[in-house]
Peer 1: 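Please read through the structure below; I'll follow up with questions.
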2 protein chains.
Amino acid sequence: MAGPRTPGQRAGLTRDTVLKTARDVLTERGLDGLTMRHLASRLGVAPNALYSYVANKTALVDDLLDDVLADVETPAPDSADPTGDLSVVMTSTFSVLLGHPDLVPLYLARQGARGPNAQRLGEVMLHLLAAAGLTGTAAHEARRVLIVFTIGFAALATPAPVEPEAAPPLTADDVSGNFRRGLQWLLAGILGGPAVSGS
Amino acid sequence: MAGPRTPGQRAGLTRDTVLKTARDVLTERGLDGLTMRHLASRLGVAPNALYSYVANKTALVDDLLDDVLADVETPAPDSADPTGDLSVVMTSTFSVLLGHPDLVPLYLARQGARGPNAQRLGEVMLHLLAAAGLTGTAAHEARRVLIVFTIGFAALATPAPVEPEAAPPLTADDVSGNFRRGLQWLLAGILGGPAVSGS
DNA sequence: CTTGCTTATTGTACAGCGTTCAGCTAAATT
DNA sequence: AATTTAGCTGAACGCTGTACAATAAGCAAG
């Protein structure tokens, strides 16, 4: 990985290795530790070499965000229990997000990912909501509620950036149970609830 | 506000003017535009002059975050309708957050504010939940759910950072209605089975 | 086998960031 | 009036993301 090279010599980088190493750096050094320079040095390469594979740092992070969502399990297309499937999808999303705590705040800062994986997930959710009887605006609203709730909770479960000061325990398990209960409330409201009249 | 000063001369800064100007800069130039250097030049002052009033940029932002929460209306202490009051508090928090979109992502990145205003709000919520019959762990969980939901929704209502690309309108009104419905679902779930009547 | 084109990579550099240190001087204190 | 305190400046450090021009490796064509 290390090599003193003169200009023109190749290092054999790949877009995939760049992204993968970026993920590694992120989990090891945190969000602040993910700098183009550090990533480059990790790859044994000059910083600007990365720009052959990534338009800029924002694009890199966007790709990272979407990559992570690839791990979310989506249920078999035509199940008999859309509500349960919905619960599974959200719970899976939640736990996937928990696996990459540093990224979570970024999802909210950018209002969710926009890549293909995110889009696919969004469509799966709409499909399940339709199977449960919700369409149109109501379905979009419900989806938004579920997404916000899930990402938001993952953000809260993330370990605090600094200050070990008087840190309340708040283990990931605690938050997970908390998440599951809140999710049930939401699903009950969304699917069963009393008339959601105009208001 | 503008003045070429020689070393030793004072500019008459105040912690309050610094914070207030920081808020202005934030709303005008966004989060990326809020730099110590820009803030300083706006105050007609060398960048490092700010460090007499603020420990560092993080502390500055922390103060900003907590300041905003001062505008949240909290209900009269001993109401007969804690559920309704809870709804009022959360809705008020939501609209206050909407007024400062640039700050919202930071709340999540830092897992909520930690200043006195945030603390007060948190205690008000616990008080209302207790009045509604929830104490102990259940109350803390419920509070967490409500906070996540509220901040998360505010984050989603925030206008996207860049890309006007095919942006769905998603007006603040839309999101507000959405928020209110989701909130009802949560409250219904939190406070035990039956639908929440009031509000 | 050579010629030429494309592209990955380097060195250098720029502008900007948060922050620290040392000095100066106006204001506050004694 | 003398002395301390504190607000402010100038300069600098190390860091960031990124643009530009030069170089050489790889590849396609003659």
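In this text the structure is predicted, and so the values were computed from the model without any measurement.
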Peer 1: Determine yes or no for a side-chain-to-main-chain donor-acceptor pair under 3.5 angstrom, with A/Thr17 supplying the side chain and A/Leu13 the backbone.
Peer 2: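 No, A/Thr17 side chain to A/Leu13 backbone: no donor-acceptor pair under 3.5 Å.
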
Peer 1: Think B/Arg10 has a side-chain N or O under 4.0 angstrom from the OP1 or OP2 of C/dA26?
Peer 2: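 Looking at the OP1 and OP2 atoms of C/dA26, neither is under 4.0 Å from any side-chain N or O of B/Arg10.
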
Peer 1: Using a cut-off of less than 4.0 Å, is there contact between a side-chain N or O of A/Gln9 and OP1 or OP2 of D/dA25?
Peer 2: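 So the side-chain polar atoms of A/Gln9 do come within 4.0 Å of the phosphate oxygens OP1 or OP2 of D/dA25, strictly under.
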
Peer 1: Distances under 3.5 Å only, N/O to N/O: pair up the protein atoms with those of nucleotides 2-4 of chain D.
Peer 2:
none

Peer 1: Given axes from five pairs at either end, by how many degrees does the helix from C/dC1-D/dG30 to C/dT30-D/dA1 bend, rounded to 10°?
Peer 2: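 Nearest ten degrees gives 10° for this helix.
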
Peer 1: Mind checking salt bridge (charged side-chain N to carboxylate O under 4.0 Å, His left out) for A/Glu73 and listing every partner two or more places apart, or none if nothing turns up?
Peer 2: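 Salt bridge (charged side-chain N to carboxylate O under 4.0 Å, His left out) list for A/Glu73, sorted by chain: empty.
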
Peer 1: Can you pull out the residues from residues 31-40 of chain B that lie within a 4.0 Å heavy-atom distance of DNA chain D?
Peer 2: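 DNA chain D contact set from residues 31-40 of chain B: B/Arg37.
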
Peer 1: Could you give the CG-to-C1' distance, from A/Asn48 to D/dA21, as a whole number of Å?
Peer 2: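 From A/Asn48 CG to D/dA21 C1': 11 Å.
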
Peer 1: Heavy atoms only, 4.0 Å cut-off, all strands: where does B/Ala49 land among base, sugar-phosphate and nothing?
Peer 2: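 Base: the residue B/Ala49, judged by heavy atoms under 4.0 Å, touches a nucleobase.
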
Peer 1: Does A/Glu28 form a salt bridge (charged side-chain N to carboxylate O under 4.0 Å, His left out) with A/Arg42? I'd like the steps, not just the answer.
Peer 2: CA-CA 12 Å; A/Glu28 287 172 26; A/Arg42 175 95 153 217; 3.0 Å; yes

Peer 1: Do the side chains of B/Glu123 and B/Arg143 get close enough for a salt bridge, i.e. N-O under 4.0 angstrom?
Peer 2: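 Between B/Arg143 and B/Glu123 there is no salt bridge, as every charged N stays at least 4.0 Å from the carboxylate O atoms.
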
Peer 1: Please report, rounded to the nearest Å, how far the C1' atom of C/dT9 is from the CG atom of A/Leu43.
Peer 2: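 Going from CG in A/Leu43 over to C1' in C/dT9 covers 13 Å.
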
Peer 1: Give the residues of residues 52-65 of chain A touching DNA chain D, defined as any heavy atom closer than 4.0 Å, sorted by residue number.
Peer 2: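 A/Asn56, A/Lys57, in order of number.
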
Peer 1: Between atom OH in A/Tyr51 and atom C1' in C/dT10, what is the gap in whole Å?
Peer 2: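 In whole Å, C/dT10 C1' lies 15 Å from A/Tyr51 OH.
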
Peer 1: Under 3.5 Å, which donor-acceptor pairs link side chains of residues 61-71 of chain A to any protein atom two or more places apart or in another chain?
Peer 2:
residue, atom, partner, partner atom, Å
A/Asp62, OD1, A/Arg110, NH1, 2.6
A/Asp63, OD2, A/Arg15, NH2, 2.7
A/Asp66, OD1, A/Gly115, N, 3.3
A/Asp66, OD1, A/Asn117, N, 3.4
A/Asp66, OD1, A/Ala118, N, 3.0
A/Asp66, OD2, A/Asn117, N, 2.9
A/Asp66, OD2, A/Asn117, ND2, 3.2

